[in-house]
Q: 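Before I ask anything, here is the structure I am working with.
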Amino acid sequence: MVPGEENQLVPKEDVFWRCRQNIFDEMKKKFLQIENAAEEPRVLCIIQDTTNSKTVNERITLNLPASTPVRKLFEDVANKVGYINGTFDLAWGNGINTADMAPLDHTSDKSLLDANFEAGKKNFLHLTDKDGEQPQILLEDSSSVEDSVHDRFIGPLPREGSVGSTSDYVSQSYSYSSILNKSETGYVGLVNQAMTCYLNSLLQTLFMTPEFRNALYKWEFEESEEDPVTSIPYQLQRLFVLLQTSKKRAIETTDVTRSFGWDSSEAWQQHDVQELCRVMFDALEQKWKQTEQADLINELYQGKLKDYVRCLECGYEGWRIDTYLDIPLVIRPYGSSQAFASVEEALHAFIQPEILDGPNQYFCERCKKKCDARKGLRFLHFPYLLTLQLKRFDFDYTTMHRIKLNDRMTFPEELDMSTFIDVEDEKSPQTESCTDSGAENEGSCHSDQMSNDFSNDDGVDEGICLENSSGTEKISKPGLEKNSLIYELFSVMVHSGSAAGGHYYACIKSFTDEQWYSFNDQHVSRITQEDIKKTHGGSSGSRGYYSSAFASSTNAYMLIYRLKDPTRNAKFLEVDEYPEHIKNLVQRERELEEQEKRQREIERNTCKIKLFCLHPMKQVMMENKLEVHKDKTLKEAVEMAYKMMDLEDVIPVDCCRLVKYDEFHDYLERSYEGEEDTPMGLLLGGVKSTYMFDLLLETRKPDQVFQSYKPGEVMVKVHVVDLKAETVAAPVTVRAYLNQTVTEFKQLISKVFVESSETLDYQMAFTDSHLWKLLDRHANTIRLFVLLPEQSPGSYSKRTAYQKAGGDSGNVDDDCERVKGPVGSLKSVEAILEESTEKLKSLSLQQQQDGDNGDSSKSTETSDFENIESPLNERDSSTSVDNRELEQHIQTSDPENFQSEERSDSDVNNDRSTSSVDSDILSSSHSSDTLCNADNTQIPLANGLDSHSITSSRRTKANEGKKETWDTAEEDSGTDSEYDESGKSRGETQYLYFKADPYAADEGAGEGHKWLMVHVDKRITLAAFKQHLEPFVGVLSSHFKVFRVYASNQEFESVRLNETLSSFSDDNKITIRLGRALKKGEYRVKVYQLLVNEQEPCKFLLDAVFAKGMTVRQSKEELIPQLREQCGLELSIDRFRLRKKTWKNPGTVFLDYHIYEEDINISSNWEVFLEVLDGVEKMKSMSQLAVLSRRWKPSEMKLDPFQEVVLESSSVDELREKLSEISGIPLEDIEFAKGRGTFPCDISVLDIHQDLDWNPKVSTLNVWPLYICDDGAVIFYRDKTEEIMELTDEQRNELMKKESSRLQKTGHRVTYSPRKEKALKIYLDGAPNKDLTQD
């Protein structure tokens, strides 16, 4: 080797090793970095987007290395949420007041640890507006990869989403701003009103059809002749102009639908797009009459075909010419399990003739006999725009439901229709016209889809023979068309969903750039030919009968092809080619859009926030919405709020200011001193759709000074308690700090806090002090509004009769005279209150003088509630023994008289409209509302001299040794009794607060009635509450009922006497109704009369009381006088029966010896039928069965009245015998069927003969399909030899109207009727026809 060469090898080798070493060093460095990163602590950042109320619940989570710079954090957040970096701020959200914290610097290179982030812990951040401006959304232009993904998606797009966001962050609502920017495709979408996707698909297809759009632009609207609002062509013109020139992403279609005469409800009706196409074309033809566009639809869309029948013996052919706008293609032949593979195959099947042979032979006019014939269709002319409907909706006769056929059917991009043109006419010399009805209608597989508008164009008409000259001319025309019948596909309307409903969108090819686009409501995106193939439908498996059930539900439904003819194929008009009226329309729409844009810009920069103000004179809180531009200063906003609240004539504007306010917690968050010139956008934290706080327009008197409110303060409501007067004053609001001591707080409120030094109450334990008891009472006091009944003199006279019968009843007589007065001169509630006050004061003074022997061991110096006796209840207590003796005396001396008196007393002012909801359920389902005193005035607490203030125990010598509370557990019988089993009044209760004052009801809230405003401790029992209402109602608590009134004005009776009022809340309403309250073991029963042959078979009679252990006969005996007095029914005990009532259905017949709760289950608010008998009761034992029979007479088309049939067994044979006896029909000719639905099982006479299951093959009634196991079943029967009446069309229509009216009045629904599909209509006059007969 040459030495020189050897020397040159050394540096090369050295370079190689150096390079290798550098690579190793780099790898080592990388590995070290990875190891360090693995060991490096990480920071968990949780970011909440507070810039929009729709995204406030979204959380973005980032787990970053602690060394990550703050700048990188902003970049990552921007990528996550789809905002432009630098247009938003990040502020701390770890419970720190963000108003006092500066946001993070988005340009900082500090690491997260240096920026006070905590490693290994959750770091909460708020994404906020920057300088009052909302973040800017990242546009889609920059993300070409994402665009391509969106462009390729042609299925139903999500309705909601954020522009430019990644999958990690998706907005939950569709932002209106996302439709303001035009799609990158250059096309504009259409907003879906609700379920108008079918309309949007058709409109976009028409817009992308050059011939239709250009012709529409040439039509000129004459405003003098028609209202533009109701002009369908004009509104379509406007819509197309907007679709072509608007800068929005999507536009509304409400103006178009309004021109159709549709209201907002039509937006919620989904229709078939092919049906809409036909109806809209009809409407346009009507509107375009006598204009240049009169024949536009026919020129573009109408084709012709021949419906023929040819005799196979003589060759005679009868035919007619039909026109069509679309060709319906069957997906799957009837009865076949395999679908057609392609559109071409379906087209061949469409024109495939059928042979009429056997019983279907055709009567040939030439042969004068029935002959075999060929029947079919032939295309004579194809339209310029060919519409194919793929009939994917079918009816499954197995399940009796509509189904959608999702089978695969391919369609070509170019379709050659020359193979389907009729060529046989040239070789049919014996063809003649035929008007035979069979030839016209029989076997027409397209009669439901084809237009019946036959045309006389080109001399082609029904009955014209093709042998004549005009016929030969027309024969040559198809021959000329064969060479130019290549159609190109340009629109595919896709349906995604089932037969019950789904979504439409359109895939349309632009004739401008030959590119396919998906028009999916407001979304427009590019798609490819491969995406079109996905709409063929079907699945990859074999094609079987049920294959479509597992196939994709997204498939083509309508195809539109355009004839490839350079001489006719048009291009879209350019702007400079527009007619003058379209140019003017474009200019107007642009001005409107610019005006809307300016208004939208103003709206975008307008802060909308709730505004409150306590009116300085009326002292009522007013609420409004303040809309102020973000650049307006605080001073200008105050002036706006001042005028908005109408305070100009009340106080000067200088006495008003705006403060930050939390209405929910009634909390003043902060004031804005020295910021009068600050823009509202900065004060409110930017323009937002929803604010987490409100504003309060605070007012002051001219001699007052506004208090400064600083962030971090709390509002404390201070009540002043007067131990002497036993009152708790309305709250005074004091602002304090959480870090204040109690001593500092006491000094702060020393102006309003007064501690009494004249009482020793503070020396006691707090829970034993009088203050504690006052506060406890205040916390549990609620305000109720009680509606008193209109007092009836009858009730007082009867009550007086009870008292007189019992002899001297002490104070009760005086009280009754005081409350009642002479009959006919009743005193007002105010008078009762005054007299009660005086009476109770005197009794209280007497009590203080005499002392209380029962409680002599207790101190009289303290204010403990245990030492306060209520004179009202003392009076009740002192007389309760006499009252009970009185009641017992009446019962034993004259039980019958007592019962009748009791019944009449309980029936006074009985409300028949009260709901029958079970009171047991109600008592357990009452919700406890928020406890708050809605009245801002002082509630004076009770003392011994207050007339109606303290609820005390009813202490009597009879139960001194037996302390029994109101909450004693007792057997649940639907109600709790106020009396024990011996009839004595029950034991003592706590002293609980009660005060009642007269109250003037507001307008519309029961004017003319007497109201009480009652303040009561909610721990009081219902029994004690009723006792305190006795002086105001005027009767004993056992003779009136308490009904709670809910927000919906429904009333439910409160019957559990041992339950408290804890389920009531402030300002609840109570209605008092006269009537005897229930005792233990008693049930209130609603009695209805059963009228089997009346239009309304269920009639309410009265409310009655049945008791446990009572027999049915005893209850009937009690009902007789009530029926006579209240209902005017004179009945003997053997001439009516009681039976079970289930909804409106009569059930089991109750026999006289049955006992309630032993033989008959009874419950609260039970309902029972009373049935008047025509004769003697036939039901004697429970083994018998009573059914209601009704004869159907088909020869007369009428139903006889009901007749009851009593069977000794469940035998079908016995039923037939009984029916034969009452009708005279021979036994072997009897057929019967069970009625359906609710009694009286009404059914139309037009349906009964075939709809019911006649003559079931069973031997007993208690088996399927009858299941007649109880009384009250309805049986229809007929004579099978009786022929049904033959009705003319006029008679049938008349009978149908009569039956429809009858069934509508009864309100019965005997068969299941699914929601009817509303017919699609377009109203040419812009409003629906009010004539219902046209529907």
Q: Describe, in one word, how the ring planes of Tyr999 and Trp1011 are oriented to each other, choosing from parallel (under 30°), tilted (30 to 60°) and perpendicular (over 60°).
A: perpendicular
Q: Charged N to carboxylate O below 4.0 Å: is that the case for Lys635 and Glu676?
A: no
Q: Can you tell me how far apart CG (Asp662) and CE (Met715) are? Round to the nearest 0.5 Å.
A: 10.0 Å
Q: Answer yes or no: is there a donor N or O on one side and an acceptor on the other, between the side chain of Glu591 and the main chain of Arg588, under 3.5 Å?
A: no
Q: Using side-chain heavy atoms (C-beta onward) and a distance below 4.5 Å, is Asp263 in contact with Thr257?
A: no
Q: For Asp722 and Leu774, work out which heavy atoms get closest and say how close.
A: O-CD1, 4.4 Å
Q: Taking NZ, NE, NH1 and NH2 as the nitrogens, is one of them in Glu673 or Arg657 under 4.0 Å from a carboxylate oxygen of the other?
A: yes
Q: Suppose we screen for ring-ring contact (aromatic ring centres under 6.0 Å, His included). Which residues come up paired with Tyr667, at least two apart in sequence or across chains?
A: none
Q: Do Leu62 and Leu73 have side chains that get closer than 4.5 Å, going by heavy atoms?
A: yes
Q: Are Glu601 and Lys597 close enough for a salt bridge, meaning some N to O gap below 4.0 Å?
A: no
Q: So, do Val191 and Thr253 sit near enough that their side-chain heavy atoms are less than 4.5 Å apart?
A: no
Q: With a 4.5 Å limit on heavy-atom distance, are the side chains of Met680 and Lys630 in contact?
A: no
Q: List, one per line, each side-chain donor-acceptor pair under 3.5 Å for residues 641-649, sequence neighbours excluded.
A:
from   : atom 1 : to     : atom 2 : distance (Å)
Tyr642 : OH     : Leu647 : O      : 3.2
Tyr642 : OH     : Glu648 : O      : 3.4
Tyr642 : OH     : Ile651 : O      : 2.5

Q: What I want to find out is whether Lys632 reaches Glu627 closely enough, with some N-O distance under 4.0 Å, to be called a salt bridge.
A: no
Q: So, the side chain of Asn1068 versus the backbone of Phe1064: is there a donor-acceptor pair under 3.5 Å, distance only?
A: no
Q: Run Met622 and Phe612 through side chain to side chain contact (heavy atoms under 4.5 Å, CB included) and show every step you take.
A: CA-CA 6 Å; Met622 301 182 294; Phe612 295 89; over 6 Å; no
Q: Below 4.0 angstrom, N of the basic side chain to O of the carboxylate: do Arg670 and Glu675 qualify?
A: yes
Q: Would you say the ring centers of Tyr661 and Phe693 fall short of 6.0 Å from each other?
A: no
Q: Under a 4.0 Å threshold between the charged nitrogen and the carboxylate oxygen, would Glu589 count as salt-bridged to Arg238?
A: yes
Q: Quick one: does Val188's side chain get under 4.5 Å of Val524's, heavy atoms only?
A: no
Q: Between Asp666 and Lys717, does any NZ, NE, NH1 or NH2 come within less than 4.0 Å of an OD or OE carboxylate oxygen?
A: yes
Q: Return the SG to CG distance between Cys656 and Leu697, rounded to the nearest 0.5 Å.
A: 5.0 Å
Q: Find out whether Phe706 and Glu698 are in side-chain contact, i.e. whether some heavy atom of one side chain is under 4.5 Å from a heavy atom of the other.
A: yes
Q: Donor-acceptor pair, distance only, cut-off 3.5 Å: does the side chain of Thr185 make one with the backbone of Tyr187?
A: yes
Q: Is there a donor-acceptor pair closer than 3.5 Å between any side-chain N or O of His719 and the backbone N or O of Ala729?
A: yes
Q: Identify whether the distance between the nearest side-chain nitrogen and carboxylate oxygen of Asp1067 and Arg783 falls below 4.0 Å.
A: yes
Q: With a 4.5 Å heavy-atom cut-off, do Val718 and Pro731 have their side chains touching?
A: no
Q: Whether Asp76 and Lys80 form a salt bridge (side-chain N of Lys/Arg under 4.0 Å from carboxylate O of Asp/Glu) is what I want to check.
A: no
Q: Do side-chain atoms of Arg42 reach the backbone of Asn63 as a donor and acceptor pair under 3.5 angstrom?
A: yes
Q: Could you check if a side-chain atom of Leu668 sits within less than 4.5 angstrom of a side-chain atom of Leu696, using non-hydrogen atoms only?
A: yes
Q: Nearest 0.5 Å, please: how far is CG in Leu64 from CG in Asn123?
A: 10.0 Å
Q: I need the Asp49 CG to Tyr83 OH distance, nearest 0.5 Å.
A: 4.0 Å
Q: Whether the side chain of Ser246 engages the backbone of Leu243 through a donor-acceptor N/O pair (distance < 3.5 Å, no angle test) should be reported.
A: no
Q: How far does CG of Leu127 sit from CG of Asp89, to the nearest 0.5 angstrom?
A: 8.5 Å
Q: To the nearest 0.5 Å, tell me how far Gln747 CD sits from Thr741 OG1.
A: 7.5 Å
Q: Which atom names give the shortest non-hydrogen contact between Pro69 and Ser108, and what distance separates them?
A: CB-O, 4.4 Å
Q: List the atom of Tyr691, the atom of Leu684, and the distance in Å for their closest heavy-atom pair.
A: CE2-O, 3.4 Å
Q: Tell me which pairs pass side chain to side chain donor-acceptor pair (under 3.5 Å) where either residue lies in residues 606-617, with sequence neighbours left out.
A: Glu603-Lys608
Q: Between Thr87 (side chain) and Gln136 (backbone), is there a donor-acceptor pair under 3.5 Å?
A: yes
